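Take a look at the structure below.
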There are 2 protein chains.
Amino acid sequence: MGAKIKDVAALAGVSVATVSRVLSNGPVSAALRQQVEAAVQQLGYSPNLSARRLRSQHSQTVGLIVSDIRNPFFTAVSRAVEDVAYQAGMRVILCNADENPDKEAMYLRLMQEERVCGVIFSPTTVSARRFRPERFDFPVVMIDRAGPAGATDAVVLDNRQAAAQLTEHLLANGYRRIGGLFGNSGATGAERAAGYRDAMTAHGQKSDVRFVVPGSEAADHLVRQWLCEPARPQALLASNGLLLLGALQAVRASGLAIPDDIGLAGFDNDVWTGLVGEGLTVIEQPVYDIGAMAMDMLLSRLRSPTLANRLLVLHGTLLARGSTRPATHQVRIESSAAP
Amino acid sequence: MGAKIKDVAALAGVSVATVSRVLSNGPVSAALRQQVEAAVQQLGYSPNLSARRLRSQHSQTVGLIVSDIRNPFFTAVSRAVEDVAYQAGMRVILCNADENPDKEAMYLRLMQEERVCGVIFSPTTVSARRFRPERFDFPVVMIDRAGPAGATDAVVLDNRQAAAQLTEHLLANGYRRIGGLFGNSGATGAERAAGYRDAMTAHGQKSDVRFVVPGSEAADHLVRQWLCEPARPQALLASNGLLLLGALQAVRASGLAIPDDIGLAGFDNDVWTGLVGEGLTVIEQPVYDIGAMAMDMLLSRLRSPTLANRLLVLHGTLLARGSTRPATHQVRIESSAAP
DNA sequence: TTTTATATTGAAAACGTTTCCAAAACCAAT
DNA sequence: ATTGGTTTTGGAAACGTTTTCAATATAAAA
């Protein structure tokens, strides 16, 4: 266990330099290589990564800072990042910042101390705005939410377009008074709100945007009250899977029927959205691809550090399901709209 | 950026030792402390963790090796582990072994190289059986699935009892031909299968146990075929959230009605289980506590390395919901049982 | 004052690797 | 044999910290 490279060298009857070369597939004669490998085996030698990193000045490690690991979007992304990183011989340190700018700053500092060679980061609006790439020694790829325009590489969804498309879908299905529920911590929420507004005003409808802490509990709470207001919404659009979940719970509690009393749609094709009732209408994001491409982009950046910063925009796809398909829309909805 | 401790020392006009002491809150006069802090600030100095760890021989890091990060059980556990670790001033390296013994071995080796001070591990049966604690320099706490009896600390659910209880519940609600669907990679599956068998034989029923790769796709596939067999099950019990999901999808596809045509129950109170139909009956595990207690146990073990190994057994709670509450059980089920 | 104890400080030796550089060994060609 | 060129090898100097140890400064006691 406590064996060092020196012990291996002694046992194999060679210099430490030779052992080091064996371990890193350097040029060593077959005979010596074998001796060294035997010695390694016999002593149960395990190299010390700290020493190795210190000397070689290379960590072979990237950081991944996500905003909420409970969100299936991020677990999918992190799997993808790991897969690609692993193939490139890199390790991943996964950090969960909990939508908390302080934690984000803390983790960025930690990444700096770890001397990682790059970071993939989904920042809150606060962190995104005040992010200064020059303060870090490593390149950063933003995901989900981009930072200051062009400041770093980024891969994002066309949130505005997607939200507009989803809103259009609700409008096309006869819903008029549509409420928009958005996360208040990331840029994503704001962009999706903008897309929602685009579509609403384009159709002459008044928009009703509400921002909330991005978690199902908060969404549930807010929607419960919302549904008690005199002019309660005929449909709800939620800006991510967690919010959609909260909204669904609130609607269930209210006793309103989906989709006839109220329509429900949102982002993220989380596994449960296809299972409740006749299914929830959602914008599906290419979750795995987002992670894989972000890691690809980071690797490419490490190869050519001087390249201009790139923004990669992906598109979501609308999955129209039962939650926005009222049997008799005009009728029921209009009647409930004008009591 | 590229500033070392030496540069800070030079700028502050002190020795590197003093700087080091400032950084680790050692005994330093207020005046010098201030000078040093100013210098740190001015140079944007950031300590090198590799060097620090190498010299201090302490990594302040624990490893967490989970078998499937897509499983909400493990995301919940990992949050808990992180919370507790963080409060104790430790970092967590999260590794996803994908139910793959090779990956598990690889990650254990990596942990050894990282010189982590401890590991929390949910092994596959294969790894659990062949796990040799003496081959590692760090203590291990097994979760979800224990290793060779008493070989390490462990925190687990009373799987056998819980599965038996769940089976009893199905029997009590009139179901007789109950199929059991279990994961084939972990000890958890086997234990739960045993509990299921206990209850079935206690009630004079024939048990029908099937093991499957623990993922929703495989479960879906298997259950689809299962439901086509001549004597199709009247109820299904799934040994974790992923399998339960697959089973549900298959049942949906078959057109059978829950709970009247077929009952459905399983483990893990994943968020969606409360939302589909009248809800799915599940055994809820104290997921957060499992993680928190595992980390606690690891910290305690680090404090007292010679203590005897402990096995901490927690209990699940049955959440009886609509999926096992047939309106007219005797009738419908008997009729479909004897065509 | 002088002495003794205590709190701060700095010089230098680790920590376990990799890598530079020069020496040694080999091989082929003269 | 001698030369010239490859490969292989080993010695020793890094890498950036922490920590030991002795030295100095400060405070308390005599």
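What you see is a predicted model; the values in this text were computed from it and never measured. Below, chain A is the first sequence line, B the second, and so on; all start at residue 1.
- Taking for each of A/V19 and B/S56 the nucleotide of DNA chain C with the nearest heavy atom, the 5'-most of the two is the partner of B/S56.
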Check: protein-nucleotides 20-23 of chain C nitrogen or oxygen pairs below 3.5 Å:
none

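- Note on B/L32: only backbone sugar-phosphate atoms sit closer than 4.0 angstrom, heavy atoms only; bases stay farther off.
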As a quick check of understanding, evaluate side-chain hydrogen bond (donor to acceptor under 3.5 Å, both in side chains) for A/E82 and B/N96, giving each step before the final call. CA-CA 9 Å; A/E82 273 206 345; B/N96 178 37; 4.5 Å; no
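- Taking only side-chain nitrogens and oxygens, B/T18 comes nearer than 4.0 Å to OP1 or OP2 of C/dG10.
- Atoms CG (A/N48) and C1' (C/dT18) sit 13 Å apart, rounded to a whole Å.
- If you take CG of B/L49 and P of D/dG16, they are 14 Å apart, rounded to a whole angstrom.
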Test salt bridge (Lys or Arg N to Asp or Glu O under 4.0 Å) on A/D296 and A/R301; report intermediate values, then the result. CA-CA 9 Å; A/D296 261 347; A/R301 165 72 27 178; over 6 Å; no
Tell me, with the steps shown, if A/T75 and A/S78 meet side-chain hydrogen bond (donor to acceptor under 3.5 Å, both in side chains). CA-CA 5 Å; A/T75 77; A/S78 72; 5.7 Å; no
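- Within residues 33-42 of chain A, no residue places a heavy atom under 4.0 Å from DNA chain D.
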Could you walk me through whether B/E114 and B/R109 satisfy the salt bridge (Lys or Arg N to Asp or Glu O under 4.0 Å) test, starting with their C-alpha distance in whole Å, then the side-chain angles of each, then the deciding distance to 0.1 Å, before giving a yes or no? CA-CA 9 Å; B/E114 289 272 10; B/R109 213 174 319 127; over 6 Å; no
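- For A/I5, counting side-chain heavy atoms from C-beta on, the closest listed nucleotide (C/dT17, C/dG10, D/dG11) is C/dT17.
- One can place CD of B/Q112 at 13 Å from P of C/dG16, the figure rounded to the nearest angstrom.
- Distance CG (A/N25) to P (C/dT19): 13 Å, rounded to an integer number of Å.
- In this structure, CG of A/D7 is placed 11 Å from C1' of C/dG16, rounded to the nearest angstrom.
- Whole-Å rounding puts the B/L23 CG to D/dT17 C1' distance at 10 Å.
- Counting only heavy atoms from C-beta on, A/P27 has its side chain closest to D/dT8 among C/dT18, D/dG16, D/dT8.
- Taking 4.0 angstrom as the limit, A/Q57 places a side-chain polar atom (N or O) nearer than this to OP1 or OP2 of D/dG16.
- Across the protein-nucleic acid pair, B/L54 atom CG and C/dA13 atom C1' stand 13 Å apart, rounded to whole Å.
- One side chain, B/D83 or B/Y288, offers a donor N or O that lies under 3.5 Å from an acceptor on the other.
- Counted by atom type alone, B/R310 and B/S300 present one or more donor-acceptor pairs between their side chains at under 3.5 Å.
- For B/Y86, the OH atom counts as loosely surrounded, since its 6.0 Å shell holds 12 or fewer non-hydrogen atoms of other residues, nucleotides or ligands.
- Among the protein residues, A/S29 comes within range of the sugar-phosphate backbone only, with heavy atoms under 4.0 Å from sugar or phosphate atoms but none that close to a base.
- In this structure, the side chains of B/L302 and B/P139 come closer than 4.5 Å at one or more pairs of heavy atoms.
- Atom NE2 of B/H58 is separated from atom P of D/dT18 by 14 Å (rounded to the nearest Å).
- The 12-atom threshold is exceeded at CD of A/E113, counting heavy atoms of other residues, nucleotides or ligands nearer than 6.0 Å.
- A/R79 and B/D98 are joined by a salt bridge, as a carboxylate oxygen and a charged side-chain nitrogen come within less than 4.0 angstrom of each other.
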